[in-house]
Amino acid sequence: MLTALTSLTILGALLGLILGVAAKVFRVEGNAMVAELNEILPGSQCGQCGFPGCNGAAQALAEGRAPVTLCPPGGRAVALALAAKLGVDADMSGVEDVVPRVADVREELCIGCTRCFKVCPTDAIMGAAQQIHSVFREACTACGKCEEICPTESIRLQPVTVTLHAWYWNKPKIAA
Amino acid sequence: MKTIAHSPHAHAPVTVSRVMLTVMLALLPATLYGFWIYGWPAFNIWVVTLLAAVIGEAFVLRLQQRPVRPVLSDCSGLLCAWLLAISLPPWTPWWIALLGSWFAVIIAKHVYGGLGQNPFNPAMAARVMLLISFPVEMTTWIAPLDSAHAPGWLQGLAVTFTGAQVDGMASASLLGHVKTEFTRGIELQQALAGYYAPLQALWGNRAGSMGETAALLLLAGGLFLIARRIITWHAPVAMLVGVFVPSLLFSSINPVHYAGPLYHLLSGGLILGAFFIITDPVTSPNTATGQLIYGLCCGLLTWIIRTWGGYPEGVAFAVMLMNAATPFIDHYVKPRIYGRNRKGDSVSLEPVKKGA
Amino acid sequence: MNLFKLRGGVHPQGRKELAEKHAIRQLPMPERLFVPLQQHVGAPAQPLVRVGDQVLKGQLIGAGQGFISAPVHAPTSGRIAAIGDFSAAHPSGLSSPTVTIEADGLDNWLPTRSVDDPFALSPEEIANAVGAAGIVGLGGATFPSAVKLSLSRKNNVHTLIINGGECEPYITCDDRLMQERAAEIIEGVRLIRYAVGATRVMVGIEDNKPVALREMQAAAAGTEVKIVAVPAMYPMGWDKQMIRALTGCEVPADGRTADIGMLVHNVATAFAVRDAVRFGRPLVSRVLTVSGGAIATPANLQVPIGALVEDLFSFCGGFSQKPARMVLGGPMMGVELFTAAVPVVKGTSGVLALTQQEIGSTQAAPCIRCSNCVRACPVGLLPLELAAHIRSGDSGAAVSRGLKDCIACGCCSFVCPSHIPLVHYFNFAKGELMEQERGKLKQSATKILAEERLARIERIERERLEAAAKRKAAREAKKRAEQMSKMEVA
């Protein structure tokens with residue numbers, strides 16, 4: 001009886017001590033996770049997730065206030081990376097369907113108002129007043145800000161056309 | 001739109017059902033021989049086991065709302081039932097066969113997700129379940145028949161389905177007999193005297209389950225499978241070595257207490273286990289090295305259980321234990337990738353050794 | 001000679017008997033040729049001609065751009081009919097930039113400069129000639145040969161290996177080339193050796209080509225070239241496999257063959273090198289095999305680049321039965337074609353029309369872990385494990401188990417009793433990972449852009465505020481000055 005009591009007490013005290021020491025030694029600065037999450041996010045501060053910029057989104061993710069699928073421009077890849085970083089299962093329903101898109105100017109409608117390139121978070125739209133604008137596709141994150149602001153509906157997000165270089169085999173479909 | 005097929009646009013003439021059928025073909029001689037020496041009841045048990053497997057499998061597939069025909073036609077359920085049937089006592093009652101068969105295909109196979117997903121060999125899992133649950137029925141063996149005592153077809157049905165007794169047939173298997181004699185303090189040589197002759201064991205003309213006894217026919221079947229490249233030599237040879245080496249070692253140290261290698265190799269389900277059970281691809285490791293380790297451990301465990309364990313026969317237990325270790329073996333034993341060392345780092349610029 | 005032990009590999013039914021007895025014939029010049037501007041690994045060629053231009057055979061129509069690229073030449077004389085997109089020989093069925101030439105039927109060569117003694121040229125001149133001729137690896141890899149030559153010289157390559165391991169079933173073009181033009185090939189081999197300064201030359205030929213072996217041995221007698229018979233197996237023609245068979249060396253996974261002082265070229269490439277260096281003729285045609293159970297009369301043909309696959313089929317008497325699949329390349333690694341209206345390119349070693357019986361069943365079943373694929377993999381991967389990871393959506397796990405070392409040879413799919421499309425899984429995962437990689441690159445680039453923009457907006461705002469503050473200060477100073485002066489006046 002007494003042996004059991006003492007041994008368990010000592011054991012408990014010892015383990016508690018280890019825990020306490022570990023908590024001190026391996027202490028992680030609070031915002032390390034936020035910085036790492038921020039690294040994964042696109043960083044275009046488009047605000048489509050509903051948080052104030054990517055940093056706000058990272059904060060929310062770290063605190064578990066937002067799902068990993070919050071970032072529309074990041075799509076599947078970012079969602080998976082976030083899930084891996086946070087160690088959670090990504091619920092991919094709803095993300096799978098979003099095909100990669102890119103802004104495209106319909107030249108016959110563009111009036112050269114310059115509004116779109118003023119809002120573009122990545123400077124992906126080129127042009128000047130009274131001149132037809134064009135999109136630098138490599139820099140476009142498909143955030144959709146230009147689409148919202150365009151007065152003539154000239155600039156719109158279009159699915160990216162597959163090129164010979166970007167094409168790859170689909171996943172085999174097997175019933176069994 | 002036409003879907004484009006990925007290469008290769010040619011295929012080796014091999015399918016799952018063909019693999020399974022070839023294994024069944026290899027089992028056929030030993031099975032027929034088993035029917036011949038143990039009579040109609042053995043045949044009845046075989047039929048019951050196989051039928052039950054088909055019905056059981058069809059039932060679970062229906063439950064899962066999966067197509068029945070394609071899965072049944074891969075013949076894996078039949079093979080599994082066949083292996084179970086020939087490891088049962090030939091005069092066992094029908095419900096043992098039925099229960100075992102359903103346990104094998106439903107619990108040990110389909111509950112885990114069907115073909116390719118089961119961690120344990122279904123036939124061995126069922127055998128172990130039956131042995132633990134119904135020790136009497138599972139260890140009531142009969143002596144090989146001679147024509148005078150052989151029950152006719154009708155009497156055979158009675159034996160299987162109503163549990164009718166036929167006088168003077170009950171016997172003990174070799175391993176069981178030795179174990180019992182040991183517990184009575186009788187020494188090995190005496191226990192074996194009049195009960196064991198190597199030549200007899202080779203032909204399987206003794207008490208036992210129908211597939212276990214005909215060592216020579218099973219060996220022929222196994223060699224046929226190796227020749228047809230259905231199985232490789234690694235696991236079987238390793239298992240035989242795993243039994244041979246310790247039995248040789250211990251019997252030469254103390255022949256009074258430990259039986260020799262020939263006794264071990266030719267008795268019980270060892271040959272069946274080595275060539276037909278541990279070569280089950282689903283539950284054995286992927287690589288040749290892994291299979292060597294796996295086989296060796298199966299053999300060692302079999303010998304240990306037979307020698308020091310509570311049960312006279314250890315193949316089924318040994319196989320199940322090693323099944324559990326298979327993912328572990330697969331995790332650590334991997335082939336070396338071209339241009340990399342075993343750790344997976346790119347190799348340095350020296351030439352590799354010949355034959356590596 | 002002692003050969004070194006190989007791993008894995010399969011022995012598919014050769015089916016070479018269909019075409020191997022047929023001598024190389026010339027395909028009559030089709031009316032139109034469709035010459036893609038990218039027939040090689042690397043950057044596509046830049047078109048140098050305009051629609052309506054007249055060109056001569058061998059005239060440069062597309063210039064290589066960048067270090068890894070190759071030029072494209074007119075395969076016959078005629079008029080440029082179009083420059084634009086045309087169906088590519090690619091499983092996607094997408095099109096690629098292509099120059100269409102209307103043949104004038106004269107097949108006039110551009111005046112070319114022959115060299116009597118090519119060995120009098122300097123190694124650089126040979127490499128330049130090979131580069132200018134647009135020669136790429138004709139075994140199917142289509143890596144620009146001149147790049148390989150100059151890299152090899154830089155890396156002090158000591159061993160030249162010529163790959164005569166034509167291991168794909170059905171394909172017999174290299175076999176026929178070695179049988180009929182052994183002397184020319186040997187001369188090409190010696191030119192390559194001279195150009196890279198190698199001290200050892202070996203030609204590995206599979207032992208299922210006895211006539212080719214004999215002819216090549218006769219042609220190589222008395223030269224520094226050594227002909228070696230290697231066992232017939234698939235994939236013997238994988239360059240790293242050939243290196244291992246002949247030398248016992250392994251190419252490091254992160255490196256190239258040049259890292260261990262070796263250079264591998266295909267026999268057909270050696271033949272093309274000789275043509276280019278001795279006669280100044282660019283690569284405008286190649287020998288390929290037309291075969292398969294559905295072809296009326298299989299053949300080995302000398303075909304101008306840009307000829308349509310359907311031209312080849314009709315020259316070979318059309319189909320004896322409706323083909324279940326048309327394949328560009330061999331059955332193990334070739335691509336199925338949407339349509340026969342796609343052009344032959346430099347890397348095309350054959351076109352096949354296969355019957356359903358030859359293809360076999362494609363119904364996939366669950367994996368039974370038989371590990372046939374493990375035994376067949378020449379690389380030493382665990383295809384069943386990789387595919388299981390990819391199937392469950394975890395391509396990353398597949399990468400950590402060696403997915404990127406996969407050469408997509410098809411051995412695993414070939415031997416799988418469950419007919420699981422293993423290579424399809426691997427190519428899907430590789431493509432998916434490449435796309436993720438591209439996405440990541442793009443994201444890091446756009447991130448920088450966004451940060452720069454924010455910084456710029458901040459700077460502009462700051463400058464505006466500063467300017468406003470300055471103006472305000474100036475105004476106030478002025479006001480104060482006025483007040484002061486007023487007060488003084490008062």
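Order of the sequence lines fixes the chain letters, A, B, ..., with proteins taken first and strands second; residue numbering starts at 1 for each chain.
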With only heavy atoms counted, which part of Arg401(C) is less than 4.5 Å from chain B, the side chain, the backbone, both or neither?
both
For the residue pair Ser346(B) and Ala253(C), what are the closest heavy atoms and their distance?
OG-N, 3.0 Å
Taking the side chain as every heavy atom from C-beta outward, state whether Arg229(B) and Asn372(C) have any atom pair closer than 4.5 Å.
no
Quick one: which of Val423(C), Leu352(C), Leu354(C) has the most heavy-atom pairs under 4.5 Å with chain B, could you say?
Val423(C)
Chain B heavy atoms under 4.5 Å from Pro91(C): which part of the residue, side chain, backbone, both or neither?
both
Short question: side chain of His419(C), backbone of Val14(B) - any donor-acceptor pair under 3.5 Å?
yes
Contact check, side chains of Arg336(B) and Glu250(C), non-hydrogen atoms, under 4.5 Å:
yes
Donor-acceptor contact below 3.5 Å, side chain His424(C) vs main chain His6(B)
no
Is the backbone N or O of Ile4(B) less than 3.5 Å from a side-chain atom of Glu336(C), with the two atoms forming a donor-acceptor pair by type?
no
State, with a plain yes or no, whether a side-chain heavy atom of Gln363(C) is found less than 4.5 Å away from one of Thr15(B).
no
Side chain, backbone, both or neither: which part of Ile359(C) has a heavy atom under 4.5 Å from chain B?
both
Using every non-hydrogen atom in the two residues, find where Val415(C) and His11(B) come nearest and quote the distance to one decimal.
C-CE1, 4.3 Å
Just by modelled atom types, is the Leu381(C) backbone N or O under 3.5 Å from a matching donor or acceptor in the Tyr338(B) side chain?
no
Measure distances from Asp405(C) to the heavy atoms of chain B and classify the residue's part below 4.5 Å as side chain, backbone, both or neither.
side chain
Based on non-hydrogen pairs under 4.5 Å, which of Gly402(C), Gly334(C), Gly261(C) is most in contact with chain B?
Gly334(C)
Heavy-atom pairs under 4.5 Å with chain C - which of Ser284(B), Gly116(B), Pro335(B) has more of them than the others?
Pro335(B)
Under 4.5 Å, counting heavy-atom pairs only, tell me which of Ala10(B), Gly114(B), Gly113(B) racks up the most with chain C.
Ala10(B)
So what's closer than 4.5 Å to chain B heavy atoms on Val327(C): side chain, backbone, both or neither?
side chain
Select one option (side chain, backbone, both, neither) describing which atoms of Ser73(B) are under 4.5 Å from chain C's heavy atoms.
neither
Quick check on Gln117(B) against chain C: is it the side chain, the backbone, both or neither that has a heavy atom closer than 4.5 Å?
neither
For Gln64(B), is the CD atom crowded, meaning more than 12 foreign heavy atoms sit under 6.0 Å from it?
yes
Result of checking Cys373(C), Pro383(C), Ser371(C) against Asn286(B) for side-chain contact (heavy atoms from CB on, under 4.5 Å):
Ser371(C)
Nearest 0.5 Å, what's the CD1-SG distance between Ile231(B) and Cys370(C)?
13.0 Å
Between Arg325(C) and Pro8(B), what is the shortest heavy-atom contact and its length?
NH1-O, 4.4 Å
When you compare the side chain of Lys334(B) with that of Glu385(C), does any pair of heavy atoms fall below 4.5 Å?
yes
If I measure from the heavy atoms of chain B, does Leu384(C) come under 4.5 Å with its side chain, its backbone, both, or neither?
side chain
Best-contacting candidate, Cys416(C), Pro378(C), Gly360(C), against chain B by heavy atom pairs under 4.5 angstrom:
Cys416(C)
Under 4.0 Å between a Lys/Arg side-chain N and an Asp/Glu carboxylate O for Arg369(C) and Asp280(B)?
no
May I ask you to test the Asp74(B)-Ile368(C) pair for a side-chain heavy-atom distance under 4.5 Å?
no
Counting heavy-atom pairs under 4.5 angstrom with chain C, the leader among Pro285(B), Pro281(B), Ser76(B), Ser17(B) is Pro281(B)
Calculate, to the nearest 0.5 Å, the distance between atoms CG and CG belonging to Asp345(B) and Asp254(C) respectively.
8.5 Å
Not counting sequence neighbours, list each pair that qualifies as a salt bridge (charged side-chain N to carboxylate O under 4.0 Å, His left out) and has a residue in residues 408-420 of chain C.
none
Name the option with the most non-hydrogen atom pairs under 4.5 Å to chain C; the candidates are Pro70(B), Pro13(B), Gly339(B), Ala288(B).
Gly339(B)
What part of Val335(C) gets within 4.5 angstrom of chain B, counting heavy atoms only: side chain, backbone, both, or neither?
backbone
Take a 6.0 Å sphere around CZ of Phe59(B) and say whether it holds more than 12 heavy atoms from other residues, nucleotides or ligands.
no
Under a 4.5 Å heavy-atom cut-off, does chain B meet the side chain of Cys367(C), its backbone, both or neither?
backbone
